[in-house]
Amino acid sequence: MIKHESITVIGAGMVGTCCALHLQNEGLKVTLVDRDLPGNAASFGNLACFGIASCVPPGMPGILRKVPGMLLDKDSPLKLRWSHAPRALPWFIKYISNTKKERVEEIAKARQSLLEKVHETLDPLVNEAGAEKLMNRSGLLFTFESEEAFRESEYAFDIRCRNGVKMDYLDGNEARQFEPSLTKNVVRAIRIPDLVHTYNPGELVKALARLFEARGGTLFRRDVRGFKFGPEGVRGMITDQGDMPVDAVVIAAGVWSRKLARDLGSHVPLEAERGYHTMFHGSDTKVNSSIISVDRHISVTPMDYGVRVGGVAEFAPPDAPANWQNADMVRRQGEALFPGLSGKEVTKWMGARPSHPDSKPAIGQSPKHKNAYFAFGHDHLGLTMGSITGKLISELVANKAPSVSLEPFRPDRF
Ligand SMILES: Cc1cc2nc3c(=O)[nH]c(=O)nc-3n(C[C@H](O)[C@H](O)[C@H](O)COP(=O)(O)OP(=O)(O)OC[C@H]3O[C@@H](n4cnc5c(N)ncnc54)[C@H](O)[C@@H]3O)c2cc1C
């Protein structure tokens with residue numbers, strides 16, 4: 001029995017748009033609300049990979065030893081706005097406690113339970129949206145420019161292997177057969193043949209949002225500023241254009257979900273882990289698949305309009321001005337990995353990953369209100385996990401058994 005006849009999803013990024021589509025699949029009347037166009041925030045500028053090999057959390061054992069040096073090294077990918085340190089400190093303490101080996105193993109297992117279901121929940125939506133042309137199925141290459149970097153990654157790849165990720169080990173020459181433009185310094189690589197990326201994540205979300213509207217869904221451009229409550233829970237949203245009544249709501253507003261969750265009485269430890277990209281428009285450098293350079297802490301992805309290089313984890317308020325030196329740093333690393341990399345135009349972008357200290361999203365009912373659902377906190381994997389998150393939210397709303405155990409993702413676990 002469906003609990004609600006209609007539902008409103010706040011946030012039209014990858015996560016919210018997929019929630020809206022899966023809720024429609026369950027027969028609900030769905031409204032999608034965003035203050036911007038669909039797919040224009042973090043879902044626009046990411047590195048475009050459906051990261052099915054990313055069960056390994058970003059925080060690994062031994063990180064505590066490395067953090068002080070990394071924060072002082074101007075070429076390190078880890079950045080902290082010092083004025084933000086007091087607010088971020090409790091988050092960091094929780095994050096470090098999750099880097100113990102047993103916790104890392106548990107987190108990897110939980111992440112993998114979602115990753116296994118990515119394509120069975122995503123591909124039917126992509127097909128129905130007519131967006132298959134935006135997908136590239138040529139795999140992912142992790143590159144190593146030193147034996148030391150390769151040895152240091154052994155544990156991470158062992159976790160992937162034990163979680164069923166298919167991998168091929170290559171030497172530098174074999175890697176360059178897949179990617180002839182790679183620097184000669186690459187001595188080893190690990191290829192994930194089944195990994196898919198999109199040529200344009202922002203456009204993919206827009207195509208999914210068009211599908212949502214074509215199926216009869218309503219998309220409103222409004223800024224949600226708060227909620228109205230009644231005896232049954234949330235009864236309305238306060239927006240920049242007046243109040244809107246709701247039967248039920250899904251909070252899928254990326255990093256800005258923290259404030260909306262607080263308005264619903266829940267304090268969630270959601271931090272902005274801001275990333276940067278440099279886009280080489282119309283680049284002549286041939287990049288065939290997605291690349292992650294383990295030594296350089298960057299990803300490189302071929303897009304439909306050039307080559308994108310990105311990385312960096314900058315802890316700062318989500319809407320604070322960007323520090324473009326970070327985009328310049330990823331640019332330099334990209335140019336070293338692909339000598340001669342250039343573009344007819346070069347642009348920079350910054351966006352905020354919504355990150356919890358245990359590297360797992362919140363997927364489930366709000367701890368305080370039965371007719372509110374949380375779908376946020378997907379850190380480095382929101383593009384990837386949007387579709388399975390949407391499926392799980394729709395199952396919850398439709399009172400169906402979830403296709404993945406929701407226990408590790410409970411919003412009240414913090
Ligand atoms: C450099 C970089 C590389 C990345 N690479 C990858 C990758 O390769 N693969 C991957 O899976 N993930 C990647 N990610 C992470 C991924 O981009 C995010 O996890 C994902 O985009 C989050 O999606 P979302 O829908 O939750 O949030 P968003 O895309 O940020 O969408 C949130 C939406 O909510 C709206 N909103 C917020 N507040 C309100 C409000 N009050 N009222 C109305 N609307 C509101 C916003 O306008 C926005 O449209 C990367 C991130 C970065 C920064």
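Order of listing sets the numbers, starting from 1, for every ligand and every atom in it. In this chain, residues are counted from 1 in sequence order. No hydrogens, no waters, no symmetry mates; every other heavy atom, side chains included, goes into these values.
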ask   = With a 3.5 Å cut-off and no angle check, do the side chains of E145 and T183 form a donor-acceptor pair?
value = no

task = Assess R308 against F44: is NZ or CZ under 6.0 Å from the centre of the six-membered ring, and within 45 degrees of the ring's axis?
result = yes

request  = Return yes or no for this condition: an N or O of R35 is under 3.5 Å from an N or O of ligand 1.
outcome  = yes

note = If we number the atoms of ligand 1 from 1 as shown, the ones under 4.0 Å from a heavy atom of G254 are 26 (O), 27 (O), 32 (C)

ask   = Nearest to atom 42 (N) of ligand 1, what protein heavy atom do you find, and at what distance?
value = V224 N, 2.9 Å

query = Does even one non-hydrogen atom of G351 get within less than 4.0 Å of ligand 1?
reply = yes

ask   = Hey, does the Lys NZ or Arg CZ of R35 hover above the aromatic six-ring of W256, less than 6.0 Å from the centre and inside 45° of the axis?
value = yes

query = Which is it for A48 and ligand 1 at heavy atoms under 4.0 Å: side chain, backbone, both or neither?
reply = backbone

query = Do E174 and Y169 have side-chain atoms, one donor and one acceptor, less than 3.5 Å apart?
reply = no

ask   = Quick check: does A41 get an N/O under 3.5 Å from an N/O on ligand 1?
value = no

key: Nearest neighbour in protein (non-hydrogen) for atom 12 (N) of ligand 1   = H380 O, 2.8 Å

task = Over all heavy atoms of both residues, which pair between N371 and V234 is shortest? Give the atoms and the distance, please.
result = ND2-O, 2.7 Å

message = Looking at R410, I want to see if its CZ is surrounded by more than 12 non-hydrogen atoms of other residues, nucleotides or ligands under 6.0 Å.
response = no

query = Looking just at side-chain N and O atoms, do T389 and H378 make a donor-acceptor pair shorter than 3.5 Å?
reply = yes

ask   = Closest non-hydrogen protein atom to atom 9 (N) of ligand 1, residue and atom name please, with distance?
value = C49 O, 2.8 Å

query = What atoms of ligand 1 come within less than 4.0 Å of a heavy atom belonging to V15?
reply = 23 (O), 24 (P), 25 (O), 26 (O)

key: Contact (N/O only, under 3.5 Å) between G311 and ligand 1   = no

key: Protein contact to atom 11 (O) of ligand 1 [nearest heavy atom, distance to 0.1 Å]   = T384 OG1, 2.6 Å

key: atom 5 (N) of ligand 1: the protein heavy-atom neighbour that sits closest, reported with distance to 0.1 Å   = L47 N, 3.0 Å

inquiry  = At under 4.0 Å between heavy atoms, is it the side chain or the backbone of D379 that contacts ligand 1, or both, or neither?
reply    = backbone

task = Using distance alone, determine whether A42 and ligand 1 share an N or O pair under 3.5 Å.
result = yes

remark   = So the atoms of ligand 1 within less than 4.0 Å of a heavy atom of D223 turn out to be 40 (C), 41 (N), 42 (N)

Exercise: do H197 and T301 side chains pair donor with acceptor under 3.5 Å = no

message = Tell me whether R222 reaches ligand 1 (any heavy atom closer than 4.0 angstrom to a ligand atom).
response = yes

ask   = Touching ligand 1 at all, R353? Heavy atoms, strictly under 4.0 Å?
value = yes

key: Non-hydrogen atom of G51 closer than 4.0 Å to ligand 1   = no

message = Give me the residue, atom name and distance of the protein heavy atom closest to atom 29 (O) of ligand 1.
response = S43 OG, 2.5 Å

key: Exam field: side chain S181 to backbone K286, donor-acceptor pair closer than 3.5 Å   = yes

key: Proximal ligand 1 atoms for L381, defined as those under 4.0 Å from one of its heavy atoms   = 10 (C), 11 (O), 12 (N)

task = If you have a sec, work out which protein heavy atom is nearest atom 4 (C) of ligand 1 and how many Å separate them, to one decimal?
result = N46 CB, 3.2 Å

ask   = E232 and H369: side-chain donor and acceptor closer than 3.5 Å?
value = no

query = Does the N or O separation between G382 and ligand 1 drop below 3.5 Å for any pair?
reply = yes

Stacked cation flag R188 on F144, 6.0 angstrom / 45 deg = no

query = Is the closest side-chain donor-acceptor distance between N326 and K348 under 3.5 Å?
reply = no

key: Any donor-acceptor N or O pair under 3.5 Å, side chains S293, Q333   = no

query = How close does the nearest protein non-hydrogen atom get to atom 33 (C) of ligand 1, and which residue and atom is it?
reply = D34 OD2, 3.4 Å

task = Please determine if R191 forms a cation-pi arrangement with F178, meaning its NZ or CZ atom is less than 6.0 Å from the six-membered ring centre and no more than 45° off the ring axis.
result = yes

H277 contact mode with ligand 1 (heavy-atom cut-off under 4.0 Å) = neither

